[in-house]
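Presented below is the structure to which this report refers.
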Amino acid sequence: MSDIYRRISRRQMGFALVGALTMLLGSTGATLAQSNTAAPASGAALTVSGDVSNPLTLSLDALKNMPRKTIHVNNEHAQEEEVYEGVALAAILKQAGVPQGGQIRGKVMASYVLAQGGDGYQVLFSLPELDSDFENSDVLVADTMGGKPINDKLGPLRLVVPHDKRPARWVRMLTEIKVVRLNKQE
């Protein structure tokens with residue numbers, strides 16, 4: 001019975017938070033809540049900015065022309081295996097001139113990557129966490145699921161983090177990657 005109470009309480013708390021945010025933000029809050037199902041623009045692109053030597057704006061076509069990777073994941077929410085195809089986030093960061101491999105040491109270790117979706121959802125990664133010299137993260141900027149373009153509710157781009165136990169850092173409607181170095185070397 002306590003599990004049911006906890007579920008109801010969380011759900012009610014969620015509704016209360018959405019209501020409070022809507023009241024605080026006015027129509028902006030309503031727009032943010034409704035944007036979860038909004039169709040992405042046909043000219044959708046991914047921007048890579050921040051502490052990078054080569055800022056990027058990658059169209060869907062540009063991503064299609066980059067080296068591709070396919071991953072199979074068990075999505076806890078869907079309770080099924082899903083197959084995604086896209087570009088490794090590490091490859092995109094490399095193209096943007098972000099330090100990799102042996103370059104990640106000292107003060108660069110305090111760098112992080114912020115991924116944001118069109119609905120305002122944001123997640124955070126440490127830079128070393130995305131580098132194959134540190135771990136096999138396989139984080140993917142996916143544009144297809146099951147061999148088809150990702151639907152409007154999740155895409156056209158989705159950040160897939162296959163080794164996380166829960167898909168909480170999977171960013172739907174991915175629009176921006178921002179690199180931040182906390183302790184810049186002079």
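If you're wondering where the values come from, they're calculated on a predicted model, not measured in any experiment. Residue numbers run from 1 in the order of the sequence given.
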Quick one: side chains of residues 58-65, donor-acceptor pairs under 3.5 Å with protein atoms, not counting sequence neighbours, listed by atom name and distance.
residue, atom, partner, partner atom, Å
Ser59, OG, Asp61, N, 3.4
Ser59, OG, Ala62, N, 3.1
Asn65, ND2, Asp61, O, 3.1

Please tabulate, one pair per line, all N/O donor-acceptor pairs under 3.5 Å involving side-chain atoms of residues 141-150, not counting sequence neighbours.
residue, atom, partner, partner atom, Å
Asp143, OD1, Arg68, NH2, 2.6
Asp143, OD2, Arg68, NH1, 3.0
Asp143, OD2, Arg68, NH2, 3.4

Contacts of Asn74 that satisfy side chain to side chain contact (heavy atoms under 4.5 Å, CB included) - sequence neighbours left out: Glu81
Qualifying residues under side chain to side chain contact (heavy atoms under 4.5 Å, CB included), relative to Ala96, sequence neighbours excluded: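 For Ala96, the residues satisfying side chain to side chain contact (heavy atoms under 4.5 Å, CB included) (neighbours in sequence not counted) are Val48, Val52, Leu56, Val98.
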Donor-acceptor under 3.5 Å (Thr175 side chain, Gln116 main chain):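 Checking the backbone N and O of Gln116 against the side chain of Thr175, a donor-acceptor pair under 3.5 Å is found.
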Short side-chain to backbone donor-acceptor contact, Asn151 and Leu154, under 3.5 Å: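 Yes; judged by distance alone, with no hydrogens or angles, the pair exists.
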Leu89 side chain near Leu159 side chain, heavy-atom distance below 4.5 Å: yes
Val180 side chain reached by Asp51 side chain, heavy atoms, under 4.5 Å: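 Not in contact.
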Exercise: identify the closest heavy-atom pair between [X] and [Y]:
{"X": "Ala115", "Y": "Ile177", "answer": "CB-CD1, 3.8 Å"}
{"X": "Leu114", "Y": "Gln122", "answer": "CD2-NE2, 3.8 Å"}
{"X": "Pro162", "Y": "Ile71", "answer": "CG-CD1, 4.0 Å"}
{"X": "Met173", "Y": "Gly155", "answer": "CG-O, 3.3 Å"}
{"X": "Arg172", "Y": "Arg158", "answer": "CA-CG, 4.2 Å"}
{"X": "Thr57", "Y": "Ala45", "answer": "CG2-CB, 3.9 Å"}

For Gln95, all residues meeting side chain to side chain donor-acceptor pair (under 3.5 Å), sequence neighbours excluded: none
Contacts of type side chain to side chain donor-acceptor pair (under 3.5 Å), residue Ser49, not counting sequence neighbours: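 Applying side chain to side chain donor-acceptor pair (under 3.5 Å) to Ser49 gives Glu176.
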Leu124-Leu182 co-clustered via ILVMFWY side chain contacts under 4.5 Å: yes
Lys69: salt bridge (charged side-chain N to carboxylate O under 4.0 Å, His left out) partners, not counting sequence neighbours: Asp138
Derivation and outcome, side-chain contact (heavy atoms from CB on, under 4.5 Å), residues Met66 and Ile92: CA-CA 9 Å; Met66 293 179 72; Ile92 293 171; 4.0 Å; yes
Gap separating the OH atom of Tyr112 from the NZ atom of Lys178, nearest 0.5 angstrom: 7.0 Å
Pairwise ring-ring contact (aromatic ring centres under 6.0 Å, His included) hits with a residue in residues 146-180, at least two apart: Tyr84-Trp170
